[in-house]
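Heavy-atom basis, side chains included; hydrogens, waters and symmetry copies ignored.
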Amino acid sequence: MNEKLSLSSENVIQNRINELGRIFPEVVKEGEVDIEKLKQFLGIENTTLKEKYEFTWAGKSNAIKAIQTPSIGTLIPSVEESVNFDSTGNLFIDGDNLEVLKLLQKSYYGKIKMIYIDPPYNTANDFIYPDNYREGLQDYLRYTGQINDEL
């Protein structure tokens, strides 16, 4: 038993920062808490926050608000679309990605090994990417309306 006991007390502040980083990994960078970003993730509106040099896009603040909005939906199994429904350990869930993930998070936290999400492109009538990678630049420009072949 050659374990040495530390003569200092626990670093309570660092433990709290580590816990915040576990809960909100986006707000802790290099061991420091970004208070403005924490306020944003807690739903506290701050109009002075300036986003810079980070992965961002128009509507990011609205996306964070959508994530924070509680979901009231219900997950209903799709027996008809499932294969071997009574014996499989896999489930097929059809729905809005964000809403389904929020519903799964509460009831199934720590119980799911993997989630495969089919991205929501090529939906409805917006089939601008026909998944045919043999097409060239002219085809892409035509699909996206950047050129007009009707001359």
Side-chain heavy-atom pair [X], [Y] within 4.5 angstrom cut-off:
{"X": "Val100", "Y": "Ile115", "result": "no"}
{"X": "Ile117", "Y": "Leu101", "result": "yes"}
{"X": "Leu42", "Y": "Phe24", "result": "yes"}
{"X": "Asp34", "Y": "Glu26", "result": "no"}
{"X": "Ile35", "Y": "Lys39", "result": "yes"}

Quick one: pull up [atom1] in [X] and [atom2] in [Y] and give me the separation to the nearest 0.5 Å.
{"X": "Thr74", "Y": "Ile76", "atom1": "OG1", "atom2": "CD1", "value": "6.0 Å"}
{"X": "Leu104", "Y": "Ile112", "atom1": "CG", "atom2": "CD1", "value": "4.5 Å"}
{"X": "Arg22", "Y": "Ile17", "atom1": "CZ", "atom2": "CD1", "value": "15.0 Å"}

Exercise for review: May I ask you to check whether over 12 heavy atoms, not counting those of Ile72, lie within 6.0 Å of atom CD1?
Suggested key: no

Point to revise | Other residues, nucleotides, ligands: >12 heavy atoms within 6.0 Å of Glu32 CD | key: no

Non-hydrogen atoms of [X] and [Y] that approach each other most closely:
{"X": "Ser61", "Y": "Gln40", "result": "OG-NE2, 3.6 Å"}
{"X": "Ser71", "Y": "Leu103", "result": "CB-CD2, 4.0 Å"}
{"X": "Gln138", "Y": "Ile147", "result": "OE1-CD1, 3.3 Å"}
{"X": "Val33", "Y": "Leu38", "result": "CG1-CD2, 4.3 Å"}

Point to revise | Exam field: side chain Thr88 to backbone Phe85, donor-acceptor pair closer than 3.5 Å | key: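 No.
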
Practice item. Examine distances only and state if a side-chain atom of Asp96 and a backbone atom of Glu99 form a donor-acceptor pair shorter than 3.5 Å. Key: yes

Check your understanding: Are Tyr109 and Ile67 connected, step by step, through hydrophobic side chains (Ile, Leu, Val, Met, Phe, Trp, Tyr) whose heavy atoms are closer than 4.5 Å?
Key ->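 No: no chain of side-chain contacts under 4.5 Å links Tyr109 to Ile67.
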
Exercise for review: Ignoring hydrogens and angles, state whether a donor on the side chain of Asn15 or Glu19 is under 3.5 Å from an acceptor on the partner side chain.
Suggested key: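 Side-chain D/A pair, Asn15 to Glu19: absent.
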
